[in-house]
Amino acid sequence: MMSIVAIFVLSHVREQRDALIDVMHSKSRTVAKSIALVTSDAMVTEDYSFIVEHTQSVLQDNDEFVYILVTKRNGDTIRATAEAWNVMAELPENVAKMQKNREDVSEIIQSSLYPEAVYHMSYPVIFSGIEWGWVAIGLSLDRYHERLDVLYRDSAILLGMVLFASILFSYILARWLVGPIVELNLAAKRVSSGDLSTRVDVNSADEIGELAGSFNAMVEALEDSNRTMRSYNVELERRVEERTEALNRLNRELDTRVKSESLKRAEQERMLIQQSRFAAMGEMIGNIAHQWRQPLNAIALLLQNIQFAHEFGKLDKEFIERSVEKGQRLTTTMSQTIDDFRNFFKPNRAQEAFRISDALNTAFEIMRSALENHGIMIVTEVDEELCVIGFPNEFSQVLLNILNNAKDALDTQEETMRRIDVRVFAKGEDARIEIEDSAGGIPEGIIEKVFDPYFTTKDEGKGTGIGLYMSKMIIETNMHGRLDVRNTPTGALFSISMKRESCEGVEDA
Amino acid sequence: MSRGRKVGYFCSMILAGTLMAAPPPDGEIVYKASMGYLKDGMQHIRQKDVRLALELWIGELMKEKRIETSIVYYDDAAQSIEKFRRFGHDMLMVNAYFYLRDEALIDPVAYPSFWVIQHGLQPYEQAVVMVRRDAAIGSVADLKGKRVSMREDNYMGRLFLDREMLQALHRSQSEVIGEIEATENHSRALLQTYFGKSDACVVPRYVVDVVTEMNPAVSRELVPLAESPRIFIPYIGVFHRRTSDTMITAYTDFVRELSATEKGRNILSLFKMQGMYEVSTESIEPMRQYYREYQVLRKRYGVPETISRSAP
């Protein structure tokens, strides 16, 4: 459409420009002809003053004409303008060329006659068939340019208006066509953002209207579905709340149970410790009993000797003094045994560096009588210069516990086969203690459970199932070492690994 | 006369007196003026359409001053002067030559001021004889037998040339030169000389200046032979002694405001004049004296006055 209008405007402009030139031609020709008619007599009679006056009169009455030339046949030309006139002997070449014709000639020219381009009309003065000269007129192009400017401006305005109208029409058309789609798009976005109350108000009878109806129906269905889902959701939330309440209730009950169980467990722990203490005390009493058995026999023999001495009359002062001294020595030994056991079961308050051999000797000392009584051979291979940091008495208790278990296990073996190998050696940064018995080992099915609390293979009344559990706790929790067990071809091997420490400053026991 | 008629007559007198004493309402004509223009010697009003335009414009402008104006154009000087003398006109506008010639008839009834027209840049004009450089004219005496151009009614130019001839040759210009080649206007006379149609011309100085400005080549071809003193006036207007002061005041204002209105500027353009102004009797005395000297010379040498065909 714009192209058609542009072509029309261009054509119109061209026509108007030609029309303006035609107007200039007509006007200048009319005036030139008029001047020729008026001045022809003067040209014939060479009344140039008349020509000057007349041309100036014409120029003053027509401000569009910038000059008038009246040329005689001989070439002399009177050039008149509104402000001046003069006689010219020679014309500019292009102007003179136009005066060669016997017909009027006109064109837009640039010459020395006027500083600007003019519409120059050259009109021959023919009188009685004789060419007397020419009248030439220079018509200013100012008005022509002004009208062209107006024409261009009007054309531009027309084009602009058509362009504007086209854009407006296109916009309205686009809105008319695309508007419902845009509305549908916006509605779809609102729906997608959750606003299911959105409806589109498009009632046209075309496909867009049909689409809008389908859209509205779809949104209504979505709204219904959403409503249903919300009711489901409310029900679900209600159920979740109920379940949550039930879970909370259960949790509270569990908490109560856990607390109760924890209390029970703590009580059990306390009882276990108590049992452990009792077991230790039983062990201690057993060991004391083993220690005391010999001095008690000696005291019994001493008393029997005193009775025999008295019966045989040999109970004299020396005998009594010797017997008292002997009895006192025996009671002192027994008292010493009690002190040793008391110190052994007294827990250390602070960690300290100690020699493993010292702790081992302490355990051996306690176990010595019991082991001898059970015919158990102790084979030691001990590095005397290995020290660790910890609680020496508790460490001795662990060794005592392992030795005691080995002793109990070896009771089932023949006396010739009863043997405990004790090895203390350095391994890397650690000190390692291995206690290996020859009791045949722990059955594979239970070896992993030997450190569990209350686990025991001993007859009822002989074991509490606490010893090894407490031993592992002492080594691994309190002294940051490691207590393991495995079977060897001959029996069970308990190993303790602890970080080695310098023995500097550690006194010999 | 009956008593009732006496009362009616008395009332009419009272009413008439009251009406005469009361100021006229706005726009009402307060004076009807008549002006006489002598066409002879006033080349600009030769054409009828010019006269109609002049009457129309002056009438409209004066009407704004509540003066109704009519203009009568005369071909004959004596007739116009006679009419003026009898107060047939409030004002008479003539070529200055006719005033000089008939001042004895005009002055006795004239208001002691004059209204004159200025054509050039200066209020008083100067007549000049221009000759072609190649015409071998060195003095006025050399004009004998030469072709001399002059505007047909350039009476002040003729007066100047006649007086120059009387002084130089003791003869009138018509005797020495013969028939003057009359032209429609001053510039035409000058151009005729420039283009060689005449050997000399008598024109006002301002015309030489204008034409020379338009074509400087003119000054190279033409040279001044004789120049009058700058005392001439082209046209002169006189009021009658009995003319109302209202009219004189209104006309004075009209002259002063000429260039300020569109119609006034049209009048100036029509007469190709710079303006009009009021002059005293003394101001034109040099021109009158010049004419009296001419008359003395003419009478001395017994030469008849042939400046105008219009009889005194």
Side-chain angles (χ1 to χ4, degrees), chain A residues 34-63 65-92 112-115 125 132-138, chain B residues 43-44 46-47 49-50 53 130-135 147-152 154 180-204 206-222 265-266 268-273:
Chain A
S34 166
I35 293 171
L37 285 172
V38 172
T39 60
S40 57
D41 287 350
M43 289 180 79
V44 172
T45 61
E46 297 186 339
D47 185 0
Y48 301 131
S49 58
F50 176 81
I51 293 171
V52 170
E53 284 200 325
H54 180 69
T55 52
Q56 287 209 305
S57 171
V58 171
L59 286 166
Q60 283 166 5
D61 292 342
N62 296 277
D63 57 358
F65 298 119
V66 294
Y67 61 77
I68 295 174
L69 307 176
V70 179
T71 308
K72 291 198 304 180
R73 276 192 303 182
N74 63 2
D76 287 346
T77 299
I78 294 172
R79 172 183 172 273
T81 66
E83 296 82 22
W85 63 272
N86 63 325
V87 178
M88 301 173 69
E90 191 176 356
L91 285 171
S112 59
L113 295 172
Y114 195 69
V125 181
W132 292 95
W134 294 268
V135 172
I137 289 178
Chain B
Q43 180 256 355
H44 297 100
R46 288 279 180 83
Q47 294 171 324
D49 53 349
V50 173
M130 298 295 292
V131 298
R132 288 184 59 79
R133 194 182 293 275
D134 57 1
R147 298 167 299 173
V148 178
S149 296
M150 197 183 308
R151 196 180 81 178
E152 187 179 7
N154 183 7
I180 294 290
E181 293 188 9
T183 60
E184 288 183 7
N185 50 51
H186 295 306
S187 61
R188 185 77 181 277
L190 190 70
L191 290 172
Q192 292 276 53
T193 311
Y194 173 74
F195 285 112
K197 291 286 185 182
S198 301
D199 298 310
C201 63
V202 183
V203 292
Y206 77 87
V207 174
V208 177
D209 295 339
V210 170
V211 174
T212 304
E213 187 180 339
M214 291 189 75
N215 186 355
V218 172
S219 63
R220 292 193 293 272
E221 295 290 331
L222 305 181
R265 284 192 291 273
N266 285 335
L268 294 174
S269 176
L270 191 68
F271 281 86
K272 292 182 171 56
M273 61 185 184

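Residue numbering restarts at 1 for every chain, and letters A, B, ... go by the order of the sequence lines. The analysis underlying the following values was restricted to heavy atoms, covering all of them including side chains, and did not include hydrogens, waters or symmetry mates.
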**OP:** Compare all side-chain heavy atoms of Thr183(B) with those of Phe50(A) and state whether any distance is below 4.5 angstrom.
**Re:** no
**OP:** Report yes if the side chains of Val52(A) and Phe195(B) come closer than 4.5 Å at any heavy-atom pair, otherwise no.
**Re:** yes
**OP:** Supply the atom-to-atom distance Glu83(A) CD to Glu213(B) CD, rounded to the nearest 0.5 angstrom.
**Re:** 10.0 Å
**OP:** Give, as side chain, backbone, both or neither, the part of Ile51(A) having an atom under 4.5 angstrom from any heavy atom of chain B.
**Re:** neither
Original post:
For Phe65(A), what residues pass the ring-ring contact (aromatic ring centres under 6.0 Å, His included) criterion, not counting sequence neighbours?
Top reply: none
**OP:** Would you give the length of the straight line joining atom CZ of Arg188(B) to atom CG of Asp47(A), rounded to the nearest 0.5 angstrom?
**Re:** 4.5 Å
**OP:** Would you name the heavy atoms of Met214(B) and Ala84(A) that are closest together and state the gap between them?
**Re:** O-CB, 2.9 Å
Subject >> Results of salt bridge (charged side-chain N to carboxylate O under 4.0 Å, His left out) for Asp49(B) - residues two or more places apart only >> reply: none
